[in-house]
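Here is the structure we will look at.
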Amino acid sequence: MNVVLPDNSTLELLDGATGLDAARAIGPKLAEQAVLIRANGNPQDLRLPLEDGQSIQILTTRDTSDPDALYVLRHSTAHLLAEAVRRLYPGVKVAIGPPIENGFYYDFDFPEPLHEEELDRIEAELNRELEEGREWTREEISRDEAKARFAAEGEPYKVELVDSAEGQITLYTQGDFTDLCRGPHLQNSKPIKAVKLTSLAGAYWRGDSDRPQLTRIYGTAFYSQKDLDAHLARLEEAKKRDHRRLGAQLDLFHLSEHSPGSPFWHPKGMVIWNELEDLRRRQNLRRGYSEVKTPLLYDVDTFITSGHYENYKDNMFFVASKEDEKQFALKPMNCPGHMLLFGSALRSYRDLPFRYAESSTLHRDELAGTLHGLLRVRHITQDDAHIFCSPDQIEAEIFACLDFAAYLYDLFGLTAQFELSTRPEKKVGTDEEWDFTEGALRAALERRGIEYTVNEGDGAFYGPKIDLHMTDVLGRSWQMGTIQLDAIMPQRFGLSYMGADNKEHTPYVIHRALLGSLERFIGILIEHYGGAFPLWLAPVQVRVLPVGEAHTEGAHAVAAKLAERGFRVDVGEATETIGKRIRAAELEKVPFVIVYGDRESEESLAVRERGGGQSHESFEDFASRLATLVS
RNA sequence: GCCGGAGUAGCUCAGCUGGAAGAGCAAUUCACUUGUAAUGAAUAGGCCGUGGGUUCGAGUCCCACCUCCGGCUCCA
C-alpha cells in the first residue's frame with residue numbers, strides 16, 4: 001500500500017504497516033524520535049496500522065509546540081503520575097486523567113486527604129520514573145475482560161468507565177500500571193524532559209455534585225526545560241494583567257468582606273463605567289431601543305409566575321416588609337419587570353417591536369466559592385433589553401442583535417466565541433415551541449455565516465440562547481453577551497397584542513445583553529488592555545506636570561484649557577522630582593503627560609505619550625489630536 | 001456549597017523549634033526647586049481576619065466562623 005508524505009511524495013509500505021513502520025521506512029532516527037502520527041489530519045497512535053492512500057505526517061520530539069504533540073506528551077505524563085501515586089499511596093483508586101490545554105490532570109480517590117506539600121514528593125517519584133525510563137504497550141481486549149481485570153484490582157471507577165466507553169476497549173501499560181485508555185501515547189518516556197505538578201483541587205466524579213468528590217492533581221509537561229520555564233514565565237506575566245491586581249493598582253475598584261461579590265467603584269473606575277453606559281445609551285437610541293426603569297423589589301408571586309422562583313429560589317435574596325404579609329425578593333434579572341411593563345396596556349401589532357432597554361442593578365446569591373473578582377459577582381449590572389415582537393419579526397431582530405454585538409466587540413478589538421445552547425431538562429413549554437425557537441436561532445447564526453459550537457441542554461428554562469464567550473488572561477472562558485429567544489414567559493404573564501386580524505396574539509420575546517454584565521465586561525477590558533486603556537476610556541487622559549513650583553500656575557492654566565475642551569486632565573504638583581512624577585504617571589498608565597517648564601508655552605508643549613514617545617506641539621495641535629483620538 | 005491553600009501597616013512581603021511586631025514602597029513633615037520611569041532626612045502608621053481554647057507566655061499550637069486564592073459544581 002501507499003501513503004502520502006507531507007512533501008507529496010509517496011511511500012510504499014507493506015499492508016498493515018503501522019505509523020512506526022512508516023517512520024522506520026524513512027529513517028531510524030525519525031522512528032526513534034517519533035511521538036505521534038497524523039493520518040489524514042487526525043492524531044493517531046504510532047502503533048496503529050495505516051490505510052492505503054492516507055496522507056501522513058510524523059510528529060517528533062522536535063515538534064515541541066505542536067498542540068497534538070504536546071497532548072500526547074502530557075497524556076502519557078498523566079499516566080506516569082497515576083503510576084507514581086499508586087506506588088506512594090496504597091489503597092488509592094484511580095479515576096480519569098486526560099490532557100487539557102496547557103497541561104493535564106488526573107483524578108484520584110485517596111483514602112486520606114492529600115495536602116499540597118505532598119505534590120513535591122509525588123513529583124520526585126514521577127521524575128524517578130523518568131530517570132528509570134518507561135515504555136508503553138497497547139492491547140485490545142474485550143469489555144468483559146477489562147471489567148474483570150479492573151474489578152480484581154479494586155478500581156470501581158475504571159469498571160464504570162469501561163461500561164460507558166465506546167468502541168474497542170484498549171489498555172495502555174507502563175511500569176506496573178495499566179490504564180483504560182483510548183490513547184494515543186508516546187512510545188516511551190524519553191521525550192518527557194520537564195514536568196511540573198501545579199496544583200491540587202477537588203473535582204466531582206463525572207462532574208456530578210451528587211457523586212463522590214475526588215482529588216484532582218494538575219500538572220504540565222514539555223519537550224524541554226526551556227519550554228516549561230517559558231510557560232511559567234508567561235503565567236507570571238499574565239498574573240500581572242489580572243484585573244483584581246490592576247483594579248487595586250489603578251485605583252478602579254475594591255471588594256470588601258462587608259458585601260462579598262459586590263464591587264465598590266472608585267472615582268477612576270466609575271469613569272470607565274460611565275463611558276460604557278454612555279456608549280450603551282447612544283447605541284440603543286440609534287438602534288430603536290427605549291430606555292425604561294423597573295423596580296428592584298417584587299413580590300414573590302411575580303417570580304412564581306415567571307418560573308424563576310422554582311428554578312432559582314436558592315440564588316435569590318429575599319426581603320421582608322414590616323407592613324405586608326407578602327415576601328419580596330430583589331430582582332435577579334429584568335425580564336419579569338419588562339413583562340409587567342409590556343402587559344400594563346393594550347398593545348397593537350402596529351407598535352411592535354417594543355425594545356425595552358434597562359441597565360439595572362441585579363442581585364444573585366451566588367455560592368461563595370464561585371465568586372471571582374469582577375468576573376463573577378453577586379451585584380450584577382447587565383446591559384439588558386427585551387424585544388417584544390411578532391413571529392415574522394424575529395429573524396430581523398436577531399440579526400440586529402448579532403450586528404449590534406459585532407459592532408461593540410469590534411470597538412474593543414475583542415473576539416468572541418459563539419455558542420448555541422439548546423433545550424435543557426428543566427425546560428418549560430412544548431417541544432414544538434422549542435423546535436421553533438431553536439430553529440430560529442440556528443438559522444440566524446447560519447445565515448450570518450457565524451461559526452458556533454452547540455451546547456446541548458444548556459439553554460435557559462424558557463428558551464434557547466446564543467452566548468458570546470471571552471477568555472481571561474489565565475485562559476478561563478467567561479460568558480459575556482447572550483441572545484435568548486423566548487416563547488414561554490410572555491404566555492406565563494398572559495401577554496398579548498392585537499393583530500391585524502383583530503385577534504389577540506402572544507408576542508415572542510428576545511432577551512439580550514451584549515456586553516453581558518458591566519462588572520464582568522470591565523474586568524475583561526482591564527485584562528485585555530493590561531490596564532493601558534485607550535484614550536476614550538482612560539480615567540485620566542492627560543496629566544500636566546509643572547517642572548518646578550514656579551510653573552504651577554502655567555501648568556494649571558493648560559490643564560484648565562484642556563478640561564474646558566472636555567478632556568479628563570489633572571496636575572501632578574511639583575512636590576517630587578519630575579522623574580518620579582513621570583514614573584508615577586507611567587505606572588498609572590496615563591496616556592499623555594505634558595511636562596511644563598521654562599521652555600514651554602501654548603505654542604510649544606512638551607508631550608510625552610504612554611510608553612515614552614516625546615514630541616513638541618502647540619496646544620491647539622495637541623487638543624485637536626486628542627479630539628481625533630477619542631472620536 | 002464541596003476539595004486544597006492563604007489572611008501580619010494603605011500595597012508587596014519577612015517574622016525559625018511559642019519568649020519585647022519588622023523591611024521596602026505609599027502617606028505626612030522638612031530640606032532640595034527639580035527637564036522625561038524612583039533626591040535626601042525625619043515622622044507617623046498594627047485588636048497579626050473574628051471568636052474561643054491550650055500555655056507562665058500565642059502572630060506562631062488547637063477548634064469554630066468570616067473573607068480571599070486555585071479548582072469542582074452552578075451561572076436565569
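Letters A, B, ... mirror the listed sequences (proteins, then strands); counts begin at 1.
- Residue A:A574 comes nearest to A:G548 through the heavy atom pair CB-C, 3.7 Å, listed as atom of the first residue, atom of the second, then distance.
- Nucleotide B:A14 forms no Watson-Crick or G-U wobble pair with any nucleotide shown, as no partner meets the under 3.5 Å limit on both distances.
- A cation-pi geometry, defined here as NZ or CZ lying under 6.0 Å from the six-membered ring centre and within 45° of its normal, holds between A:R74 and A:F222.
- Using a 4.0 Å heavy-atom cutoff across all strands shown, A:T370 reaches at least one base atom of the nucleic acid.
- Under the Watson-Crick or G-U wobble criterion, with both distances below 3.5 Å, B:U34 has no partner in any strand shown.
- Residue-to-nucleotide proximity on RNA chain B shows that, of A:E586 and A:L114, the 5′-proximal contact is made by A:L114.
- The partner of B:C56 is B:G19, by the rule that a Watson-Crick or G-U pair needs both atom distances under 3.5 Å.
- Side-chain contact annotation: A:T482 with A:Q484, donor-acceptor N/O pair under 3.5 Å present.
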- Message: Using the rule given for ring-ring contact (aromatic ring centres under 6.0 Å, His included), can you reason through A:F108 versus A:Y106, listing the C-alpha separation, both sets of side-chain angles and the distance that settles it, and then say yes or no?
- Response: CA-CA 7 Å; A:F108 302 95; A:Y106 212 111; 5.0 Å; yes
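- With a cut-off of 3.5 Å on both Watson-Crick or G-U wobble distances, the partner of B:C72 is given as B:G1.
- A donor-acceptor contact under 3.5 Å is not formed by the side chain of A:E117 with the base of B:G5.
- A donor N or O paired with an acceptor N or O is found under 3.5 Å between the base of B:G1 and the side-chain atoms of A:Y204.
- Partner assigned to B:G51 is B:C63, using Watson-Crick or G-U wobble distances below 3.5 angstrom.
- A:R245 contributes no side-chain N or O that forms a donor-acceptor pair with the base of B:C11 under 3.5 Å.
- Put simply, the side chain of A:R364 and the base of B:C75 share no donor and acceptor less than 3.5 Å apart.
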